[in-house]
Amino acid sequence: MARGSDQVRSDQESPHDWVTRAADDAIRHAEQSGAGDRVITCASGASPSGPVHLGNLREFLTVHFVAEEIRRRGIPVRHLHSWDDYDRFRKVPAGVDPSWAEHIGRPLSAVPDPWGCHSSWAEHFKAPLQAALRELGVEMEEVSQTVEYQSGAYRDQILTAVQRRADIERVMSRYRTKAAPVAANDEEAEQLAETLADSVANDDRDAGDGDLARFPFKPYCRNCGRDTTTITAYDDDSTDLAYTCSVCDFHGVTNLSTQHEGKLVWKVDWPMRWAVEGVDFEPGGVDHASPGSSYTVGKELVQDIYGGRAPSFVGYSFVGVAGMAKMSSSRGGVPTAADALKILEAPILRWLYVRRQPKQAFTIDFGPEVVRLYDEWDSLGRKAADPARRDAQVLAHERASATARAGTLPVPRVVVPFRVLSSIADVTAGSADQISRLVSNLGHPHDSVDDLEPRLGKAMTWTAEFVPPEDRTTVRSSADTDRLAALSEDEELWLAQLLDRMPDELSLEPLTSLIYGVPKLARGMGIDDPPTDQVKADQKDFFRLLYQLLVGADRGPRLPTLFMALGADRVRSLLTPP
RNA sequence: GGGCCCCUAGCUCAAUUGGCAGAGCAGGAGACUUUUAAUCUCUUGGUUGUGGGUUCGAGUCCCACGGGGCCCA
């Protein structure tokens, strides 16, 4: 790690982060692969087997940020995304018609969409993510593995893999010699069996007996389309592959040179694509980086079989979710990028993924932390406005805020604290115009509702869907007649004074002095006189009374704000004794 | 059996190829005719899980241990 002093100096002038380093690695990889004039390829991959959740999003964004960094250095680069939609449909998730079990074993692109809105299962889950990525400013070249495999694009690589299957097996077997896990009890054993049956390792299962065991290629049955096939014979000269299907009992032959009816097993498929696509950088979940897992094995295979080099790699950790217990059951699943974008501005969601190193796990909180997150973001934004303070944090802000092609992502023209927007949204009936007027009155002048977007909409959604009921302010729907009938003499006087002097058109300043002034008036003082201790005590009681009558609680949002949110008529109806 | 991440203020967490341990909230003091779920100012708070090692210098790197979590087989 020795460095020249001049480089140390440049490090000090320009902050760096994990993105800088990953981009350095990718560029170095491209140079060492002897292709100086080639476009650098940063690859991501995902299987559209279900909702693409916030953990999967890390795959896309990690690559995106690295590609952006390379692009901004003026080096040709592409973000290539593979949809693993030729993978088998593994199991029917809860909430889907159990009859979909019929499709288990078929490619995700060949399973119909249970909701009927897209052309296939795969498309159903791709579409919402594609929309979210557009909002996030992520542009990528998308490739469908179904299209690639079925077009024969990998024909030569498949033939090579099959021809070299003994070498492949030699590599794979080295990683398979570990002791089988030991289950401590029956329950654990059951869980273990389930895990194994469900894991990607399933691809390793025997595809036939003897020489054909662990065959690197798996045909989809020509008759029923499932991968429930067992290879019965393979002729190296003709490349005819014979198989039987255990589900439909079909006996067939597919020719690997001329017909394109199957795919390589995952651990061979991945390195094959590194070679074909010339991948210089590709991240993966930390699980892919464990010894014996796909990256480790693939690294050897790409070299031995395809004469390529494994891309530079970063393993990313999992993304947790918090603060949405209420939602998980009703939605029947984990939150997606689209869910997060309902409450977070696109740059903030990007920021969450760029500010921490990939190997560090983090949690996206849909609960009260959202307010803090916005505050932190706004404060970082103020810091970023000062060029003298450009450090790694500001760099993260820059990466989050803009992309080379999309430019600056949408942020409100007038930045109002999220806390203010959401608490106002809480007490109004959710009318954006009304919120906008109140926000102006609270010292955030702006020309139109649009000036507050996209933040206002997200604050409204958050308040409505994510703030627990006990933390919300519920304005009474009708007057509390019992309480109004039981007013003390003082209380009656206060209310009378207030209602008498409250104008139909409320504005913040006069309303504030009126609310604080009522107890003074009741004691024969002027409305602008300084308060005495007695008056202060009265104010406390008066405020509590107002909260009880308006929102059925002892405390609440500041009264002048609350009054303005409700409007004079509503306040009057809730405070007028019968 | 193996790998990875985490342990830092009362709480939630920062500290980005080793360079003065920092925020927010909570707590305390104060300001504004204003005491509320507003705003602002100041402020208390630390043996960085434990024990070793490397280094001019360690929250950061290495080894061991304890605790929590994730993953692979």
Should the pair [X]-[Y] be classified as a salt bridge under the 4.0 Å nitrogen-to-oxygen rule?
{"X": "A/E300", "Y": "A/K267", "result": "no"}
{"X": "A/D378", "Y": "A/R455", "result": "yes"}
{"X": "A/D84", "Y": "A/R273", "result": "yes"}

Taking A/S436 for its side chain and A/A432 for its backbone only, find out whether a donor-acceptor pair lies under 3.5 Å.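 Not at all, since once roles are kept as given, no pair shorter than 3.5 Å links the two residues.
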Which nucleotide in [options] has an atom nearest any side-chain atom of [X]:
{"X": "A/K267", "options": "B/U34, B/A73, B/U16", "value": "B/A73"}
{"X": "A/Q357", "options": "B/U39, B/U33, B/U16", "value": "B/U16"}
{"X": "A/D17", "options": "B/U34, B/U16, B/U39", "value": "B/U16"}
{"X": "A/R21", "options": "B/U33, B/U16, B/U39", "value": "B/U16"}
{"X": "A/S513", "options": "B/U16, B/U34, B/C13", "value": "B/U34"}

Measuring only the [atom1] atom in each nucleotide, how far is [N] from [M]? A whole number of Å is fine.
{"N": "B/G24", "M": "B/C63", "atom1": "C1'", "answer": "36 Å"}
{"N": "B/A9", "M": "B/C13", "atom1": "P", "answer": "11 Å"}
{"N": "B/G45", "M": "B/U34", "atom1": "C1'", "answer": "30 Å"}
{"N": "B/G52", "M": "B/G27", "atom1": "C1'", "answer": "38 Å"}
{"N": "B/G2", "M": "B/A64", "atom1": "P", "answer": "12 Å"}
{"N": "B/C65", "M": "B/C25", "atom1": "C1'", "answer": "34 Å"}
{"N": "B/G57", "M": "B/C6", "atom1": "P", "answer": "25 Å"}
{"N": "B/U44", "M": "B/G28", "atom1": "C1'", "answer": "7 Å"}

Nearest-nucleotide 5' precedence on RNA chain B, A/V19 against A/K540: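 Counting from the 5' end, the first nearest nucleotide belongs to A/V19.
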5'-most by nearest nucleotide on RNA chain B - A/I515 or A/R419: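 By nearest-heavy-atom nucleotide position, the 5'-most residue is A/I515.
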Could you state the [atom1]-[atom2] distance from [X] to [N], rounded to the nearest angstrom?
{"X": "A/D375", "N": "B/U39", "atom1": "CG", "atom2": "C1'", "result": "13 Å"}
{"X": "A/L521", "N": "B/U33", "atom1": "CG", "atom2": "P", "result": "18 Å"}
{"X": "A/L559", "N": "B/A38", "atom1": "CG", "atom2": "C1'", "result": "12 Å"}
{"X": "A/D365", "N": "B/C25", "atom1": "CG", "atom2": "P", "result": "16 Å"}
{"X": "A/F418", "N": "B/A38", "atom1": "CZ", "atom2": "P", "result": "17 Å"}
{"X": "A/E376", "N": "B/C25", "atom1": "CD", "atom2": "C1'", "result": "12 Å"}
{"X": "A/Y295", "N": "B/C71", "atom1": "OH", "atom2": "P", "result": "22 Å"}
{"X": "A/L373", "N": "B/A14", "atom1": "CG", "atom2": "C1'", "result": "13 Å"}

Return the set of residues passing salt bridge (Lys or Arg N to Asp or Glu O under 4.0 Å) with A/D375 (not counting sequence neighbours), or none when no residue passes.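 A/R419.
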What pairs meet the salt bridge (Lys or Arg N to Asp or Glu O under 4.0 Å) rule with one or both residues in residues 51-71 of chain A, with sequence neighbours excluded?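 As it turns out, the salt bridge (Lys or Arg N to Asp or Glu O under 4.0 Å) pairs with a partner in residues 51-71 of chain A, which skip direct neighbours, are A/E68-A/R71, A/E69-A/R72, A/E69-A/R73, A/E69-A/R399.
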Centroid-to-centroid, A/Y353 to A/F65, below 6.0 Å?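 No - the distance between ring centres of A/Y353 and A/F65 does not fall below the 6.0 Å cut-off.
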Please check if the distance between the ring centroids of A/W377 and A/F418 is under 6.0 Å.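 They do not qualify: ring centres at least 6.0 Å apart.
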Distance under 6.0 Å and angle within 45° of the ring axis: does A/R21 meet both against A/W18?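 The answer is no, since A/R21 fails at least one limit relative to A/W18.
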Bracket string, RNA chain B, 5' to 3' - pairs by Watson-Crick or G-U geometry under 3.5 Å, | interstrand: (((((((..((((.....[..)))).(((((.......))))).....(((((..]....)))))))))))).
What contact category does A/T512 fall into here, base, sugar-phosphate, or nothing, at under 4.0 angstrom with non-hydrogen atoms?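 The answer is base, as A/T512 lies within the cut-off (heavy atoms under 4.0 Å) of a base atom.
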If you compare every side-chain N and O of A/R356 against the phosphate oxygens of B/A14 (OP1, OP2), does one of them come in below 4.0 Å?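 A/R356 to B/A14 OP1/OP2: side-chain N or O found under 4.0 Å.
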